[in-house]
Amino acid sequence: MLVVLRLGHRPSRDQRVTTHVALTARALGADAVWVSTEDESLEKTISGVVERFGGKFNIKTGVNWRNAIKAWKGEVVHLTMYGESLSKALPTIKSKDLMIVVGAEKVPREVYDLAGRNISVGNQPHSEVAALAIFLDRYMRGKSLEKNIRGRLTIVPNPRGKTVIDRSKGKAR
Ligand code: SAM
């Protein structure tokens with residue numbers, strides 16, 4: 001089980017970035033995203049993508065992050081530019097049940113202590129979306145993008161136009 005825990009989501013300001021965190025988590029092989037603030041509209045957006053493009057990805061908002069981290073049975077990895085280096089840390093992550101924590105604005109000090117690992121994706125400030133994508137890609141040894149998620153809509157790679165198969169209509173459009 002691979003869960004991404006998104007901290008500090010402010011519905012009025014972070015809607016777009018948190019949507020991207022969730023979509024990135026789904027596209028790169030996570031099973032769920034848990035968001036610390038309740039946001040029905042975000043849930044609808046992500047559930048809509050799952051309904052169209054498939055997979056079992058799940059979103060939960062209004063999650064108490066402190067309890068969620070404490071209750072997690074596997075390893076907890078907090079992505080932060082201050083952490084230990086990704087390449088050194090990766091080979092030591094053994095658990096199949098992984099919680100990956102990403103922040104928005106300032107991450108509370110307590111998170112650094114509660115997380116089993118604080119891991120940096122380089123030591124420059126960038127973005128939770130970039131950090132998550134690189135982490136998942138490396139964690140899955142570059143295989144995460146090759147996973148075939150079967151859904152009502154399937155995109156067929158096309159060097160120029162757009163080819164989308166809609167199974168409910170049974171033909172490409
Ligand atoms: N300065 C804030 C702090 O750490 O308290 C973080 C702001 S940053 C825009 C938002 C999130 O992006 C961070 O919480 C972290 O999860 C992620 N992030 C940004 N740069 C990172 C890096 N170099 N390595 C790992 N994660 C990073």
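Start at 1 and go down the list; that is how both ligands and their atoms are numbered.
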Among all protein heavy atoms, pick the one closest to [atom] and tell me residue, atom and distance.
atom                    : answer
atom 5 (O) of ligand 1  : V107 N, 3.0 Å
atom 2 (C) of ligand 1  : E105 O, 3.3 Å
atom 21 (C) of ligand 1 : H126 CE1, 3.7 Å
atom 24 (N) of ligand 1 : V121 N, 2.9 Å
atom 12 (O) of ligand 1 : E128 N, 3.1 Å
atom 23 (N) of ligand 1 : Q124 O, 2.7 Å
atom 16 (O) of ligand 1 : L79 O, 2.7 Å

- What are the two closest non-hydrogen atoms of A22 and I46, and how far apart are they?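 Taking every non-hydrogen atom into account, CB-CD1, 3.6 Å.
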
Any chance the side chains of [X] and [Y] put a donor and an acceptor closer than 3.5 Å?
X    : Y    : result
N118 : H78  : yes
T92  : R117 : yes
T37  : D39  : no

Element-labelled atoms of ligand 1 that are located less than 4.0 Å from some non-hydrogen atom of [X]:
X    : answer
G122 : 22 (C), 23 (N), 24 (N)
T80  : 24 (N), 25 (C), 26 (N)
Y112 : 4 (O)
A131 : 25 (C), 26 (N), 27 (C)

- Parallel, tilted or perpendicular: which fits the ring planes of Y82 and Y112, with parallel below 30° and perpendicular above 60°?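 Aromatic pair Y82/Y112 classed tilted.
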
Output yes when the distance from some N or O of ligand 1 to some N or O of [X] is under 3.5 Å, and no in every other case.
X    : value
I119 : no
P125 : no
Y82  : no
S120 : no
V102 : no
G103 : yes

- So does E38 have more than 12 non-hydrogen atoms from other groups sitting under 6.0 Å from CD?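 Counting other residues, nucleotides and ligands, CD of E38 stays at 12 neighbours or fewer.
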
- Is atom CZ of R138 surrounded by more than 12 heavy atoms (other residues, nucleotides or ligands) closer than 6.0 Å?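 No - once you tally the heavy atoms of other residues, nucleotides and ligands closer than 6.0 Å, there are 12 at most.
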
- Query: Quick check: does any side chain N or O of S36 sit under 3.5 Å from a backbone N or O of G8, one acting as donor and the other as acceptor?
  - Reply: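 Yes.
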
- Query: Quick one: does N123's side chain have a donor or acceptor within less than 3.5 Å of a partner on M81's backbone?
  - Reply: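 It does hold such a pair.
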
- Query: Taking non-hydrogen atoms only, is F135 closer than 4.0 angstrom to ligand 1 via side chain, backbone, both or neither?
  - Reply: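 Under 4.0 Å from ligand 1, F135 contributes no heavy atoms.
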
- Query: Heavy-atom contacts under 4.0 Å between A104 and ligand 1: side chain, backbone, both, or neither?
  - Reply: backbone

- Task: State plainly whether one hydrophobic cluster holds both M140 and V101, where clusters connect Ile, Leu, Val, Met, Phe, Trp and Tyr through side-chain heavy atoms under 4.5 angstrom apart.
- Result: no

- Transitively linked via ILVMFWY side-chain contacts under 4.5 Å: V102 with V76?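 Shared cluster, no.
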
- Message: Can you confirm whether W72 sits close enough to D97 that some side-chain heavy atom of one is under 4.5 Å from a side-chain heavy atom of the other?
- Response: yes

